Amino acid sequence: MDVNEIHRGRLIDHVQLVVRDLAASRRFYGAVFEVLGIPVGGEEETFFWADELFISSASSPAALGELTGRHHLAFQAKDRAAVEAFHAAGLAAGGRDNGPPGLRKYHPGYYAAFLIDPDGNNIEAVFHGEHQRSAPSVLVTF
């Protein structure tokens, strides 16, 4: 795949994962978000969220009592060191290795690591190589 430009912030508004063990997920995601510099936006008894990702228990009113199936989510990392820190923190917080940090053949400079979260989701951190961002994030105000 030949990729010269990647646009982010145009397709996904938010994603919800409904998990079996919210505490285990909070430990796992809290650890990987911390090393990726992603603050947890908030939490209550049956859910927590960070940026576009909302994670809840089946007992959360938004879940309707159903668990979500297996997903693949890729988080952006600022550099290779952040990918490596993601992998180490995720393993220490209960994740399972699904691909150690390293270059991938998706495009030149694609450096990623993969973990399986407590619910079997394939979670990736990726650094696309040296690049410039037009903005650090998209700010939506109401």
Side-chain angles (χ1 to χ4, degrees), residues 1-60 62-141:
M1 171 172 50
D2 186 20
V3 177
N4 294 317
E5 290 184 344
I6 298 174
H7 295 271
R8 293 291 185 250
R10 300 186 309 171
L11 178 63
I12 303 296
D13 184 80
H14 66 277
V15 172
Q16 179 182 4
L17 295 178
V18 182
V19 299
R20 287 185 304 270
D21 184 340
L22 188 64
S25 289
R26 179 64 178 90
R27 280 190 302 279
F28 174 81
Y29 286 99
V32 300
F33 289 160
E34 182 176 345
V35 299
L36 293 174
I38 301 168
V40 171
E43 60 186 303
E44 292 190 13
E45 186 178 330
T46 61
F47 63 86
F48 65 94
W49 77 91
D51 282 3
E52 295 88 2
L53 183 60
F54 183 85
I55 299 173
S56 69
S57 64
S59 63
S60 171
L64 302 175
E66 297 288 331
L67 300 176
T68 50
R70 187 171 190 269
H71 290 77
H72 171 81
L73 301 176
F75 300 140
Q76 298 176 43
K78 66 179 179 177
D79 54 29
R80 287 182 176 196
V83 171
E84 293 162 6
F86 156 86
H87 192 257
L91 289 174
R96 294 188 330 248
D97 177 55
N98 197 33
L103 288 168
R104 302 299 193 266
K105 295 181 180 183
Y106 305 130
H107 67 70
Y110 196 109
Y111 191 83
F114 300 83
L115 294 166
I116 301 298
D117 80 359
D119 278 82
N121 295 296
N122 183 28
I123 308 301
E124 173 185 3
V126 58
F127 174 62
H128 288 283
E130 295 303 320
H131 60 278
Q132 285 186 278
R133 288 181 173 266
S134 61
S137 65
V138 175
L139 178 62
V140 178
T141 59

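Fair warning: this is a prediction, and the values are worked out from it, not measured in the lab. No hydrogens, no waters, no symmetry mates; every other heavy atom, side chains included, goes into these values.
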Say you draw a straight line from OH of Y29 to CG of N121; how long is it, rounded to the nearest 0.5 Å? 5.0 Å
Are any side-chain N or O atoms of R104 and backbone N or O atoms of Y110, one a donor and one an acceptor, separated by less than 3.5 Å? no
Looking at NE2 of H87 and CD1 of I123, how far apart are the two atoms once the value is rounded to the nearest 0.5 Å? 12.5 Å
Consider only side-chain N and O atoms of S56 and Q16, and report whether a donor and an acceptor are under 3.5 Å apart. yes
Taking all heavy atoms of A31 and all of A93, pick out the closest pair and write down the distance. CB-CB, 3.6 Å
Please round to the nearest 0.5 Å and tell me the distance separating atom CG of D21 and atom CZ of R26. 13.0 Å
Locate the shortest heavy-atom distance separating P101 from V83; write the atom from each residue and the value. CB-CG1, 4.2 Å
What's the shortest heavy-atom distance between P118 and A24, and which atoms? CG-O, 3.8 Å
To the nearest 0.5 angstrom, please state how far the CD1 atom of I55 sits from the CH2 atom of W49. 12.5 Å
Gap separating the CG atom of L73 from the CG atom of L17, nearest 0.5 angstrom: 5.5 Å
Between A82 and A77, which heavy-atom pair has the shortest distance, and what is it? CB-CB, 3.9 Å
Can you list everything that forms a side-chain hydrogen bond (donor to acceptor under 3.5 Å, both in side chains) with R80? Sequence neighbours excluded, please. none
Run the side-chain contact (heavy atoms from CB on, under 4.5 Å) test on Y111 and E84 for me, step by step, so that the C-alpha distance in whole Å, both residues' side-chain angles and the decisive distance to 0.1 Å come before the verdict. CA-CA 10 Å; Y111 191 83; E84 293 162 6; 2.5 Å; yes
Donor-acceptor contact below 3.5 Å, side chain R96 vs main chain G94: no
Any side-chain donor-acceptor pair under 3.5 Å between H71 and D119? no
Could you pull out the closest heavy-atom pair between T46 and L22, with the gap in Å? C-CD2, 3.4 Å
From I38 atom CD1 to F86 atom CZ, the distance as rounded to the nearest 0.5 Å: 9.5 Å
side-chain contact (heavy atoms from CB on, under 4.5 Å) evaluation trace for Y106 with V126: CA-CA 11 Å; Y106 305 130; V126 58; over 6 Å; no
Step by step, work out the side-chain contact (heavy atoms from CB on, under 4.5 Å) result for L67 and R20. CA-CA 7 Å; L67 300 176; R20 287 185 304 270; 3.4 Å; yes
Least distance between heavy atoms, E43 atom then F48 atom: CB-CB, 3.4 Å
